[in-house]
Amino acid sequence: MTKLGQWLCGLALLGSAWAALALAPLGLQPPGPLRQALLPLPVYLLVAFGCYSLATVGYRLATFNDCEEAAAELQEHIRAARADLRRRGLRL
Amino acid sequence: MAAPGPGRVSVLLPTYNERDNLPLVVWLLARTFSDSGIDFEIIIIDDGSPDGTQEVAQQLEKIYGSDKIVRQLFLLPSGTAYIHGMKYATGSFIVIMDADLSHHVRLHFMYCGKQKEGNFDIVSGTRYKGNGGVYGWDLKRKLISRGANFLTQVLLRPGASDLTGSFRLYRKEVLQKLMEKCVSKGYVFQMEMIVRARQLGFTIGEVPISFVDRVYGESKLGGNEIVSFLKGLLTLFATT
């Protein structure tokens with residue numbers, strides 16, 4: 001199954017569970033407070049996911065390594081390479 | 001031509017206008033491999049560069065020998081350089097990398113070490129873990145990179161931390177199998193390869209790499225790139 005397929009299945013499952021509980025006809029409804037919490041649940045989850053995303057990306061951005069040493073080493077290697085290649089007959 | 005040793009590594013280097021970087025990359029590769037005693041060959045696949053890249057490749061072939069440097073010239077649709085290059089590869093492992101010095105070549109032997117350590121089918125370089133990282137990137141570029149990677153992780157759950165890095169080592173049979181299955185072009189192709197590899201049950205090891213911004217030449221990350229990345233990501237999401 002494709003990732004899209006998996007998402008659609010998952011959403012359909014969760015969606016129907018939520019709809020069954022939160023939008024149930026009178027008489028089959030769960031108790032009051034539970035229903036109060038269930039109704040806006042999808043929105044809560046979306047907002048929570050949004051916050052999680054922002055926090056994660058922000059953290060990863062802040063901890064993104066800067067490779068100073070690698071850059072310096074590369075410059076050194078380039079110098080050595082040019083000298084050696086010139087010696088071996090490469091016309092740059 | 002000498003028979004390949006059991007652990008020979010073939011490096012596929014697609015080039016376009018890399019006259020300045022190419023000799024440096026080749027020199028670094030040759031030195032890294034010979035220092036660590038790894039049998040290698042470098043396959044330069046040029047896309048008809050008008051800047052003299054082919055002449056430079058010819059000179060390098062004279063310097064290092066034609067068993068070490070193999071030159072091919074094609075006028076290629078994007079993303080097919082590897083398919084052509086692979087036909088000429090005699091090694092049992094294939095390294096795919098950019099010829100623009102953005103990948104730190106010293107790490108090649110770490111790749112080979114990592115591969116042996118875990119007997120992995122694929123070893124992938126990652127900028128996002130361990131002491132991997134970047135140099136010369138401004139905040140905007142880092143943000144876009146991390147944001148795009150987060151989106152990719154959420155949507156594709158690929159099991160590898162860096163999908164758009166193009167610094168990888170593959171077992172030859174694994175790469176051939178993946179090439180048959182993958183249909184995208186450009187760097188979305190790189191992403192598709194990892195996703196399909198996971199689906200086919202191949203093992204993937206990771207090595208932190210430092211991605212130093214292009215030494216010579218222009219780096220591209222504009223609105224176009226972002227749009228095509230999103231299109232590619234959504235295509236992979238819907239088809240894999």
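Here is the naming used below: chain letters follow the sequence lines, and residue numbers restart at 1 for every chain.
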Asker: Measuring heavy-atom distances to chain A, does B/Val154 have an atom under 4.5 Å in its side chain, in its backbone, in both, or in neither?
Answerer: both

Asker: Heavy-atom pairs under 4.5 Å with chain A are the metric here; pick the option from B/Leu156, B/Leu60, B/Leu139 that has the most.
Answerer: B/Leu156

Asker: By side chain to side chain contact (heavy atoms under 4.5 Å, CB included), which residues pair with B/Asp35, not counting sequence neighbours?
Answerer: B/Arg31

Asker: Under 4.5 Å, counting heavy-atom pairs only, tell me which of A/Arg88, A/Glu68, A/Met1, A/Arg60 racks up the most with chain B.
Answerer: A/Arg60

Asker: Please state whether the side chain, the backbone, both or neither of A/Tyr59 comes within less than 4.5 Å of a heavy atom of chain B.
Answerer: neither

Asker: In sequence, state the C-alpha distance, the side-chain angles, and the governing distance for B/Ser145 and B/Tyr128, and then conclude on side-chain contact (heavy atoms from CB on, under 4.5 Å).
Answerer: CA-CA 10 Å; B/Ser145 180; B/Tyr128 301 128; 2.6 Å; yes

Asker: Between the side chains of B/Glu18 and B/Thr53, does any donor sit under 3.5 Å from an acceptor?
Answerer: no

Asker: What is the minimum heavy-atom distance between B/Asn131 and B/Pro208, and which atoms define it?
Answerer: OD1-CB, 3.5 Å

Asker: For residues 195-203 of chain B, run the donor-acceptor check on the side chains, cut-off 3.5 Å, and write out each pair with its distance to 0.1 Å, sequence neighbours left out.
Answerer:
residue: B/Arg196; atom: NE; partner: B/Glu192; partner atom: OE2; Å: 3.0
residue: B/Arg196; atom: NH2; partner: B/Glu192; partner atom: OE2; Å: 3.1
residue: B/Arg198; atom: NE; partner: B/Pro158; partner atom: O; Å: 3.3
residue: B/Thr203; atom: OG1; partner: B/Asp121; partner atom: N; Å: 3.0
residue: B/Thr203; atom: OG1; partner: B/Asp121; partner atom: OD2; Å: 3.3

Asker: Residue by residue, which of residues 2-11 of chain A have a heavy atom closer than 4.5 Å to a heavy atom belonging to chain B?
Answerer: A/Thr2, A/Lys3, A/Leu4, A/Gln6, A/Trp7

Asker: Hey, mind stepping through B/Asp46 and B/Arg19 against salt bridge (charged side-chain N to carboxylate O under 4.0 Å, His left out) and telling me if it holds?
Answerer: CA-CA 11 Å; B/Asp46 188 53; B/Arg19 194 190 59 175; over 6 Å; no

Asker: Can you confirm whether B/Lys177 is buried at NZ, in the sense that more than 12 heavy atoms of other residues, nucleotides or ligands lie under 6.0 Å from that atom?
Answerer: no

Asker: Got a list of side-chain donor-acceptor pairs under 3.5 Å for residues 232-240 of chain B, not counting sequence neighbours?
Answerer:
residue: B/Thr235; atom: OG1; partner: B/Lys231; partner atom: O; Å: 2.7
residue: B/Thr239; atom: OG1; partner: B/Thr235; partner atom: O; Å: 2.7
residue: B/Thr240; atom: OG1; partner: B/Leu236; partner atom: O; Å: 2.7

